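Structure first, commentary second.
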Amino acid sequence: MWRARVAGIVKIPSAARVVATGTCRRRVVWCELFSRATLSTVAATSMSCSKGGKGRGLPDGVWPTMITPFLDDEKKSVDWNGLDILTEWYIKSGVAGIFSICLSSEMFQLTNDERVEIAKRVVQKAAGRVPVIAGATFEGGLQEQAVLMNKMGEHVDAVIIITNQIARMEDTDETWLANAQKLMDLTGDIPLGLYETPVPKARHLTPEMLTWVAKTGRFLFHKDTTLEVPAMLRKLEAVRAVPETPLKFYTAKIQFLKTCLDSGGNGFSGVTPNFYPWMIVWMCEHKHDAEDRRKKMQRFLSVTDRVVAHKYPTSAKFYLAEFYGVPFKPLSRVHDAVMSDQDALALQSMKEQMEEVCKDLGVTPVHPLGHDYASVMESFRSTL
């Protein structure tokens, strides 16, 4: 598992204790870490062991919301070979980590066993090269959700609480916070994260709620789906205002990416990397590049988002199969979308525009099957 280790045992004068041995890799092992921890002491211990020695907890950058490929059988079984191809492609494209078991994964259409096995497979394929996180609050009450969280926590680097699943939409913020605390109490020392999934209806946390989350010391990841820039910035500022918190803030809105990064956000977690992860990686890694170059990339990412979103996640599976030869079936358990010629032409035009932007900015695409991208694309164009 992707993790940093600190030699010895660090004594902390509270309910928190960090236990780790060996050499520093990438993640602090958080043990006996509860909401009453002395947060600044814990964070200081983890500071030097995150990506590049600069971050806290999980690394900054791109976290693809992983799609789940399915086989063309009666059950639409999970395509494990396809899952391996995706994992390898994400990593070779330079992502910071992988978000498995999310809405892109068709998480509500998976069984608990499938959820755990998919996350476990991704962790095994990643083999410690990047951290892997997974959603785990679904059916049932808090006790049942905690059971799955504990199972998932045996494999992944952080277990994600889906914000609209731990309280009813009509429940107060105080009820939501109380339920979050119960889940923390039921899951020991497992590192946690948050996902404001938009389906069936988003439960967006307030800045005050995120302040509470940031102060617990247990939460490492927040995927924000806020639809308005000022609201997103208020939430981001609430997180940044908590000294030494390990909580990282990733926007899910590709149109907001440049603004989020420029305002101190930590990166992106959303659907776009299922088409061209290297583009968003470039954006996150060139925060100090020339403004005109960054704006060029942001314009491309913004205007193509509607093409990406149309008939998603089927569109992503179709795109990878049609234009890269990935052995996927464009199948989904969410809907039986059929990709028309019009859809295919829109995706092809998007891909061609992506390649033009890559050429202008000096970005190197990564072929999902490990082939030399330039030669494969030249061969593909000759067939058109």
Side-chain angles (χ1 to χ4, degrees), residues 14-16 30 32-40 42-43 56-58 99 101-103 107 133-150 152-153 158-228 230-252 265-266 269:
S14 71
W30 297 87
E32 297 178 25
L33 179 57
F34 298 95
S35 61
R36 302 164 187 84
T38 304
L39 183 55
S40 59
V42 174
R56 293 170 289 182
L58 296 176
F99 188 175
I101 315 304
C102 52
L103 200 58
M107 61 184 182
I133 62 178
T137 53
F138 298 99
E139 303 84 4
L142 297 177
Q143 292 282 349
E144 294 171 84
Q145 291 177 350
V147 170
L148 181 59
M149 290 175 68
N150 282 307
M152 199 71 83
V159 173
I160 306 304
I161 291 175
I162 302 160
T163 58
N164 65 7
Q165 295 295 301
I166 69 169
R168 297 172 300 177
M169 293 304 295
E170 62 268 25
D171 285 339
T172 65
D173 292 347
E174 290 73 22
T175 297
W176 190 96
L177 292 171
N179 289 350
Q181 182 64 61
K182 289 177 184 176
L183 287 174
M184 292 170 63
D185 294 339
L186 291 168
T187 53
D189 62 352
I190 296 174
L192 303 174
L194 296 169
Y195 172 25
E196 296 178 334
T197 184
V199 175
K201 184 178 180 180
R203 178 145 195 160
H204 296 296
L205 302 192
T206 65
E208 294 75 19
M209 295 167 77
L210 276 175
T211 296
W212 179 89
V213 168
K215 287 181 176 179
T216 67
R218 279 284 296 279
F219 289 85
L220 309 183
F221 181 96
H222 172 68
K223 177 181 172 180
D224 192 80
T225 63
T226 305
L227 298 174
E228 303 294 335
M232 178 197 72
L233 292 177
R234 286 193 294 271
K235 294 165 72 175
L236 173 57
E237 181 56 34
V239 172
R240 287 171 52 80
V242 178
E244 307 299 343
T245 179
L247 181 63
K248 296 290 187 75
F249 189 103
Y250 306 86
T251 182
N266 302 105
S269 181

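Quick note: residue numbers are just sequence positions, from 1. Since this is a predicted model, take the numbers as computed values, not measurements.
The shortest distance between side-chain heavy atoms of Val213 and Leu247 falls below 4.5 Å. Met107 is listed as a side-chain neighbour of Ile162, based on a closest heavy-atom distance under 4.5 Å. Contact of the Met184 side chain with the Phe219 side chain is registered, since non-hydrogen atoms from C-beta on lie closer than 4.5 Å. Put simply, the side chain of Lys223 does not reach to within 4.5 Å of the side chain of Ile160, judged on heavy atoms.
Checked by atom type and distance alone, the side chain of Thr245 never pairs as donor or acceptor with a backbone atom of Val242 at under 3.5 Å. Formation of a donor-acceptor pair under 3.5 Å by the Lys248 side chain with backbone atoms of Asn266 is not found in this model.
Listed by first and then second residue, the ring-ring contact (aromatic ring centres under 6.0 Å, His included) pairs involving residues 182-207 are Phe99-Tyr195 (not counting sequence neighbours).
A donor-acceptor contact closer than 3.5 angstrom links the side chains of Arg218 and Thr187.
Every side-chain contact (heavy atoms from CB on, under 4.5 Å) that Ala231 has, sequence neighbours left out, goes to Thr226, Glu228, Arg234. Scored by the side-chain contact (heavy atoms from CB on, under 4.5 Å) test, Thr163 finds Trp176, Leu194, Glu196, Arg203, Leu205 as partners (sequence neighbours excluded). Not counting sequence neighbours, the partners of Asp171 by the side chain to side chain donor-acceptor pair (under 3.5 Å) test are Arg168. With sequence neighbours excluded, the residues forming a side-chain contact (heavy atoms from CB on, under 4.5 Å) with Leu186 are Gln143, Ala146, listed by chain and number. Under the rule for a side-chain contact (heavy atoms from CB on, under 4.5 Å), the partners of Leu142 that lie at least two apart in sequence or sit in another chain are Gln145, Ile166, Asn179, Lys182, Leu183.
Looking at Thr211, Asp224, Thr251, Thr206 one by one, the single match for side chain to side chain donor-acceptor pair (under 3.5 Å) with Lys235 turns out to be Asp224.
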